[in-house]
Trainee: 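Below are the structure tokens for one structure; questions will follow.
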Amino acid sequence: MRLSRFFLPILKENPKEAEIVSHRLMLRAGMIRQQAAGIYSFLPLGKRVLDKVCGIIREEQNRSGAVELLMPTIQSADLWRESGRYEAYGKEMLRIEDRHERDLLYGPTNEEMITDIFRSYVRSYKDLPLNLYHIQWKFRDEVRPRFGVMRSREFLMKDAYSFDVDFDAAQTAYHRMFVSYLRTFARCGLKAIPMRADTGPIGGNLSHEFIILASTGESEVFCHRDFLDLAVPGEDVDFADAVSLASVVKTWTTPYAATDEMHDTAAWEALPEGERVAARGIEVGHIFYFGTKYSEAMNAVVTGPDGKDTPVHMGSYGIGPSRLIAAIIEASHDEAGIVWPKSVAPFDVGLINMKPGDADCDAACETIYRELEASGIDVLYDDQETRAGAKFATMDLIGLPMQVIVGPRGAKAGEAEIKVRATGERETIPLGSVVARVSA
Ligand code: ATP
Ligand code: MG
């Protein structure tokens with residue numbers, strides 16, 4: 001992509017409305033634009049990151065055996081009347097009336113709709129386990145939308161729903177998602193800590209929030225230092241092996257970890273002081289087993305091995321990709337701007353032509369640009385006639401993992417400079433080695 005053809009509305013000034021660094025940097029880097037309170041457009045740079053994040057989520061959901069579909073944003077109120085949540089949900093739900101005076105709503109979540117889909121087609125335990133997910137916009141009329149896409153009213157969510165014949169199978173489904181989440185967040189360059197969450201009237205211990213430690217997080221969290229070094233399961237993790245999944249979950253749920261809502265002061269104070277981490281955290285995911293709450297209310301039953309009908313056991317599993325982007329920035333930035341982990345960077349590399357119009361610079365850059373594109377590397381080519389300082393500041397601000405800098409003197413001598421964004425390391429290499437160096 002040539003910068004001269006791209007749409008990258010960089011802000012020079014610090015936007016006054018932004019209270020936290022991720023919000024400030026997303027606005028300054030031209031990633032998002034607020035359209036109404038808590039409602040944002042994702043501009044091209046932001047959209048590219050969103051796609052990367054969703055790509056990782058999708059790969060890890062699929063790997064775990066979940067199946068993607070797509071449900072609409074607009075739902076019928078009647079479905080929610082069946083579960084009793086139409087009245088109960090309160091003011092966070094955006095209620096809409098169509099021209100025939102039918103009650104609709106903009107979905108804040110999809111338990112009712114997925115249960116309706118399930119009951120319409122699935123009859124037998126032989127069709128289970130089943131886990132269906134989608135990535136779709138949600139609307140919740142938050143009392144205090146703030147911090148940009150961190151807490152917005154319209155936001156993207158990956159929500160998965162599992163269906164199983166009994167509790168044991170549902171527990172394995174829960175473990176599959178748990179492990180899938182560990183992998184997803186690690187691939188986004190984040191250390192996410194699963195913390196026990198409130199299960200409400202259902203009870204049990206099958207609800208966890210996945211929390212990123214960050215000083216700007218909205219909740220107070222407490223965990224054992226061991227979490228900081230726990231290994232995340234590799235790509236070869238076997239999602240068909242219930243025993244090994246359970247053992248991963250055990251490893252990741254044994255050390256103490258709780259948000260302030262679930263905090264057990266006595267258990268916490270029993271830990272040696274040097275092992276305690278008290279911090280603030282951002283919730284990026286939430287998984288929850290809720291049993292037969294919706295299947296009973298909405299008559300979603302399957303015939304079990306004994307020939308009897310039983311309400312299906314369900315769980316739901318959410319990740320907020322739009323919030324996740326903000327969390328990644330909170331965790332990875334410096335004075336100059338964003339520092340993207342490679343896996344989610346909007347482009348792999350930025351190519352800076354220091355002097356467009358200079359024959360040597362243009363020739364060197366055009367060759368590198370063409371060759372990088374041909375090897376499948378996403379490159380943002382700054383071919384614009386702007387000051388050197390502005391070029392560097394923009395590249396640092398948007399945080400691409402690597403920069404290739406070509407100036408007139410270097411181009412004449414057949415050299416380019418490589419800069420690694422995260423460390424600031426620079427090295428000069430022959431023009432002919434740039435593609436190999438960048439792809440390494
Ligand atoms: P919170 O406690 O932060 O309001 P929640 O418990 O309401 O979140 P869930 O219903 O579990 O959230 O939604 C699943 C995921 O969707 C969350 O873990 C989060 O990543 C994301 N999410 C929820 N609300 C918002 C929001 N207002 N803006 C952006 N992302 C959100
Ligand atoms: Mg909420």
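Residue indices begin at 1 and follow the sequence shown. Each ligand, and each atom within it, is numbered from 1 in the order the structure gives.
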Trainee: Would Tyr289 and Tyr174 count as a close aromatic pair, with their ring centres under 6.0 Å?
Mentor: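 They do not qualify: ring centres at least 6.0 Å apart.
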Trainee: Tell me which part of Met150 gets within contact of ligand 1: side chain, backbone, both or neither, using heavy atoms under 4.0 Å.
Mentor: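 Answer for Met150: backbone.
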Trainee: Are Glu111 and Ser83 linked by a side-chain donor-acceptor pair shorter than 3.5 Å?
Mentor: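 Looking only at side-chain atoms, Ser83 and Glu111 do not form any donor-acceptor pair under 3.5 Å.
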Trainee: Short N/O distance, under 3.5 Å, between Val284 and ligand 1?
Mentor: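 Indeed, backbone or side chain, Val284 has an N or O that close.
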Trainee: Look at atom 17 (C) of ligand 1 and find which of Glu283, His286, Arg153, Glu261 reaches it with the closest heavy atom.
Mentor: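 That would be Glu283.
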Trainee: Is it the case that over 12 heavy atoms from other parts of the model lie below 6.0 angstrom from the CD atom of Glu17?
Mentor: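 For Glu17, atom CD is crowded (more than 12 foreign heavy atoms under 6.0 Å).
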Trainee: Taking the six-membered ring for Trp, is the centroid-to-centroid distance between Trp252 and Phe178 below 6.0 Å?
Mentor: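 They do not qualify: ring centres at least 6.0 Å apart.
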Trainee: Charged N to carboxylate O below 4.0 Å: is that the case for Glu82 and Arg119?
Mentor: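 So Glu82 pairs with Arg119 through a salt bridge.
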Trainee: What do we get for Glu142 next to ligand 1 when only non-hydrogen atoms under 4.0 Å count, side chain, backbone, both or neither?
Mentor: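 For Glu142, only side-chain atoms sit under 4.0 Å from ligand 1.
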Trainee: State if Val149 counts as touching ligand 1 under the rule of any non-hydrogen atom under 4.0 Å.
Mentor: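 Contact present.
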Trainee: Mark yes when over 12 heavy atoms from residues, nucleotides or ligands other than Arg33 sit less than 6.0 Å from its CZ; otherwise mark no.
Mentor: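 Counting other residues, nucleotides and ligands, CZ of Arg33 stays at 12 neighbours or fewer.
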Trainee: Check whether any N or O atom of Gly320, backbone or side chain, sits under 3.5 Å from an N or O atom of ligand 1, and answer yes or no.
Mentor: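 So ligand 1 has an N or O lying under 3.5 Å from an N or O of Gly320.
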Trainee: Measuring from non-hydrogen atoms of Ser152 to any atom of ligand 1, is the shortest distance under 4.0 Å?
Mentor: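 Ser152: in contact with ligand 1 (<4.0 Å).
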Trainee: Please determine if Arg140 has a nitrogen or oxygen closer than 3.5 Å to a nitrogen or oxygen of ligand 1.
Mentor: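 Between Arg140 and ligand 1, an N or O pair is found under 3.5 Å apart.
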Trainee: Examine the proximity of ligand 1 to Arg151 and report which part, side chain or backbone, both or neither, has a heavy atom under 4.0 Å away.
Mentor: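 The part of Arg151 near ligand 1 is both the backbone and the side chain.
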Trainee: Heavy atom under 4.0 Å from ligand 1: found in Thr109's side chain, backbone, both, or neither?
Mentor: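 Near ligand 1, Thr109 shows nothing, with every heavy atom at 4.0 Å or more.
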Trainee: Are more than 12 heavy atoms from other residues, nucleotides or ligands located less than 6.0 Å from atom CD of Glu13?
Mentor: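 Atom CD in Glu13 is not packed in, count stays at 12 or less.
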